[in-house]
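To start, the structure under review is shown below, and the notes come after it.
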Amino acid sequence: MSDSSTESLNFIEEIIENDLKTGKYSQIITRFPPEPNGYLHLGHASSICLNFGLTKTFPGYTNLRFDDTNPSTEETEYVDSIKEDIKWLGFEWKHEFYASDYFDMLYDFAVKLIKNNLAYVDDSTSEEIAIMKGSPVQPGTDSPYRTRSVEENLDLFSRMKAGEFADGSRTLRAKIDMKHTNMLMRDPVLYRIKKAHHHRTGDKWCIYPMYDFAHGQSDSIENISHSICTMEFIPHRELYDWLIEKLEIYPSHQYEFARRNVNYTVTSKRKLLQLVTDNYVESWDDPRMPTISGLRRRGYPPSAIRNFCERIGIGKRENLVDIGLLEFFVREDLNKSASRVMAVLEPIQLTISNYPSEQTELLPIENNPEDEASGQREVPFSNKLWIEREDFKEVMEKKWFRLAPGAMVRLKGAYIVKCTDFKKDIQGNISEIICEYIPESKSGSDTSGINVKGTIHWVSQIHAATAEVRLYDRLFKVENPAAEEGDFLDYINHDSLQIISKAYIEPSLLDAELGQAFQFIRKGYFVLDKNSNSDKLIFNRTVTLKDNWAKVQGK
RNA sequence: UGACCGAUGGUGUAACGGUAACACAACUGUUUUUGGUGCAGUUUUUCAAGGUUCGAAUCCUUGUCGGUCAACCA
């Protein structure tokens with residue numbers, strides 16, 4: 001994360017700076033409150049960087065709190081992945097808490113409301129409650145059970161807890177105002193009956209608090225000073241404050257920012273889950289997924305994600321951030337850190353007619369021109385090479401710097417060669433390129449005086465190893481699939497994964513380690529996939545290099 | 001028909017009543033044994049109309065447009 005001491009503050013930092021300056025707080029406490037019912041994604045990254053970043057710049061700390069009040073959708077598997085992802089992003093929480101830790105306290109809070117005639121047990125069905133709720137432009141009507149006595153409510157609520165009633169048969173509701181312009185203030189449901197097994201409390205409870213009766217109270221219990229959430233919770237703030245006031249507990253405050261949307265992807269848990277269950281992708285950590293685990297498997301460095309979140313900032317307006325900006329930060333990081341290697345993805349044979357067929361040389365080549373400390377490695381060279389099919393053209397063109405009959409190029413780290421001939425197979429496809437090399441043009445000791453415009457990568461045939469290479473493209477064909485007409489699945493890019501089952505790679509890559517980033521020269525950044533083994537190497541393309549030539553061609 | 005939130009280059013975010021800026025993108029040129037990187041430069045901006053003020057992106061009013069709210073989800 002960059003030093004932001006001289007940079008301007010976002011609106012939440014301004015609020016905090018002011019709170020600190022006026023002495024309202026001497027330190028701040030924030031929290032990151034995921035529900036363990038799915039994997040973390042790019043949208044969460046923004047919230048994580050915000051909440052944890054705040055307590056890096058200001059005195060205080062951040063808690064991790066799982067908002068686990070709905071046992072039917074939540075699982076320990078998700079808890080584990082969430083913790084792993086936060087750590088990988090580079091953040092540490094002070095306390096690991098669960099809303100379910102507070103179920104006893106929450107129950108007592110509810111009893112207090114009932115005693116103060118501020119909550120009642122309602123026997124209405126959910127349909128009836130929905131009808132009585134009215135609409136945004138229509139006031140609601142009071143439930144017939146709204147006037148029950150405190151004693152009866154106390155009795156009924158304890159029997160709800162004791163499991164005497166069926167799921168959905170009764171609820172506990174706050175007694176506020178059925179004509180309130182804010183729908184959430186129209187006697188919101190606080191507790192529902194749900195005889196479900198909870199991933200932490202087991203079968204102890206058969207009533208569970210709703211979000212509005214758990215989140216703010218958990219914030220208060222933890223003395224959270226600044227409870228930051230996304231804008232769809234703005235209407236909840238009034239209820240959040242009402243409950244804290246009536247319960248007379250620590251006054252946490254809620255602040256809202258606009259969730260970050262990124263183009264060419266989706267970040268709704270429901271949609272991501274559907275992509276996985278309907279097999280549009282392999283798994284939650286498929287490298288095409290915008291999940292943190294997907295980005296990690298794709299080879300995105302955590303620092304790139306942090307820089308991205310820092311750079312896009314936060315605001316309160318609708319937004320659609322360009323994924324290209326994230327890719328910029330990925331390239332920026334990897335350009336400095338990734339070792340350069342040579343790999344040929346779509347091979348064609350290049351034969352050097354004047355290089356002895358039995359001869360082999362080990363050529364020293366720099367590992368990273370951006371990092372002198374990275375040193376050199378030795379790459380074997382011989383008279384038969386694999387080069388990229390797209391680096392040859394049958395007829396020369398203007399501005400073409402690569403191979404064509406009569407043209408000369410530098411073989412990276414080796415010699416300058418001149419194309420003298422090429423062969424075609426029966427189908428008319430080019431099958432072999434014949435070149436002559438210039439012996440005195442050897443890299444590092446070039447006395448040929450020849451200057452060539454183009455340099456291409458290569459792999460020696462007899463020394464080459466092979467690997468599967470997976471090329472990824474964006475998962476959707478349109479910028480904002482969620483906003484498009486019809487089903488978002490209609491906009492899936494079915495060419496988002498291209499598998500090259502046999503690419504030729506230089507032998508040094510046999511020592512590649514999981515998580516190690518490479519630049520395949522002129523092709524992009526790649527990382528070893530977790531499913532690789534010594535029999536079969538698999539490389540994922542993290543991101544391409546910027547390609548000005550492709551841009552020129554496109555015009 | 002209501003309440004709430006918002007509107008600054010193509011995108012995202014600053015400017016806190018005093019010269020509209022930063023990053024990305026785009027475009028030039030340059031360097032380069034990666035058509036990568038680096039370097040130099042160019043283009044492009046305050047939703048509208050009124051008002052307050054010496055001075056408004058900023059404050060006020062009205063309008064327009066966009067978003068959110070009617071789960072026993074979070």
Side-chain angles (χ1 to χ4, degrees), chain A residues 7-10 14 33-35 37 67-70 72-74 99 122 124-126 129-131 133-140 167-173 180-184 186 188-194 207-208 210-212 214-215 229 231-238 256 258 260 263 269 308 311-322 324-329 331-332 335-336 340 342 365-366 369-370 399-402 409-414 416 441 443-444 446 451-457 519-524 544-553:
Chain A
E7 287 165 22
S8 61
L9 305 174
N10 64 48
E14 269 181 37
E35 184 189 9
N37 69 344
D67 230 335
D68 56 350
T69 56
N70 185 3
S72 40
T73 57
E74 295 152 5
D122 195 330
S124 308
T125 64
S126 62
I129 289 178
I131 291 164
K133 204 136 210 170
S135 80
V137 292
Q138 198 85 45
D167 281 16
S169 61
R170 275 172 237 257
T171 56
L172 181 75
R173 299 178 70 183
H180 206 289
T181 52
N182 181 349
M183 297 286 290
L184 279 150
R186 320 242 261 229
V189 172
L190 266 23
Y191 266 94
R192 78 283 213 182
I193 302 172
K194 191 173 250 189
I207 55 171
Y208 291 93
M210 300 290 292
Y211 166 84
D212 288 302
H215 198 104
C229 60
M231 301 237 305
E232 65 268 29
F233 290 96
I234 288 177
H236 292 254
R237 189 175 61 225
E238 198 170 7
E256 311 88 8
R260 260 68 268 279
N263 61 8
K269 280 187 194 171
F308 172 71
R311 188 71 229 177
I312 62 179
I314 58 158
K316 296 186 83 163
R317 46 177 154 153
E318 285 292 302
N319 60 83
L320 188 60
V321 184
D322 191 352
L325 183 61
L326 176 55
E327 293 175 343
F328 163 79
F329 285 113
R331 292 190 184 103
E332 184 184 56
N335 176 51
K336 295 280 191 298
R340 270 61 169 173
M342 295 196 283
I365 302 183
E366 86 239 322
E370 301 295 315
K399 296 254 192 129
W400 178 254
F401 303 156
R402 309 178 195 176
V409 297
R410 156 82 57 187
L411 295 172
K412 173 73 186 177
I416 292 173
S441 68
S443 188
D446 185 350
N451 248 325
V452 292
K453 268 293 217 180
T455 298
I456 66 171
H457 60 281
Q519 185 194 109
F520 289 4
I521 285 186
R522 304 207 302 139
K523 297 271 64 169
T544 60
L545 258 25
K546 263 175 49 181
D547 191 349
N548 281 317
W549 171 243
K551 222 183 279 177
V552 170
Q553 277 181 311

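The chains referred to below are lettered A, B, ... by the order of the sequence lines, with proteins before strands, and numbering in each begins at 1. Please read these numbers as outputs of a predicted model, since none were measured by experiment.
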What is the separation between atom [atom1] on [X] and atom [atom2] on [N], rounded to the nearest whole Å?
X	N	atom1	atom2	answer
A/Q138	B/G2	CD	C1'	10 Å
A/D446	B/U33	CG	C1'	9 Å
A/N182	B/A70	CG	C1'	11 Å
A/F233	B/A71	CZ	P	15 Å
A/R311	B/U11	CZ	P	16 Å
A/N10	B/U13	CG	C1'	10 Å
A/K551	B/U28	NZ	C1'	12 Å
A/I314	B/C5	CD1	C1'	15 Å

Would you call A/E366 and A/K412 a salt bridge, taking side-chain N to carboxylate O under 4.0 Å as the test?
-> yes

Is any side-chain N or O of A/E370 under 3.5 Å from a base N or O of B/G36, one able to act as donor and the other as acceptor?
-> yes

Please state whether the base of B/U34 and the side chain of A/T455 form at least one donor-acceptor pair under 3.5 Å?
-> no

Are the ring centres of A/H236 and A/Y211 closer than 6.0 Å?
-> yes

Looking at B/C72, B/A74, B/U34, which one has an atom nearest to any side-chain atom of A/S126?
-> B/C72

Partner nucleotide of B/U44 by Watson-Crick or wobble geometry (both distances under 3.5 Å) = none

Looking across every strand, which nucleic acid part, if any, lies under 4.0 Å from A/L320 by heavy atom: base, sugar-phosphate, or nothing?
-> sugar-phosphate

Can you tell me, in whole Å, how much space there is between the P of B/G55 and that of B/A20?
-> 16 Å

If we require ring centres under 5.5 Å and near-parallel planes under 30°, does A/Y211 stack on B/A74?
-> no

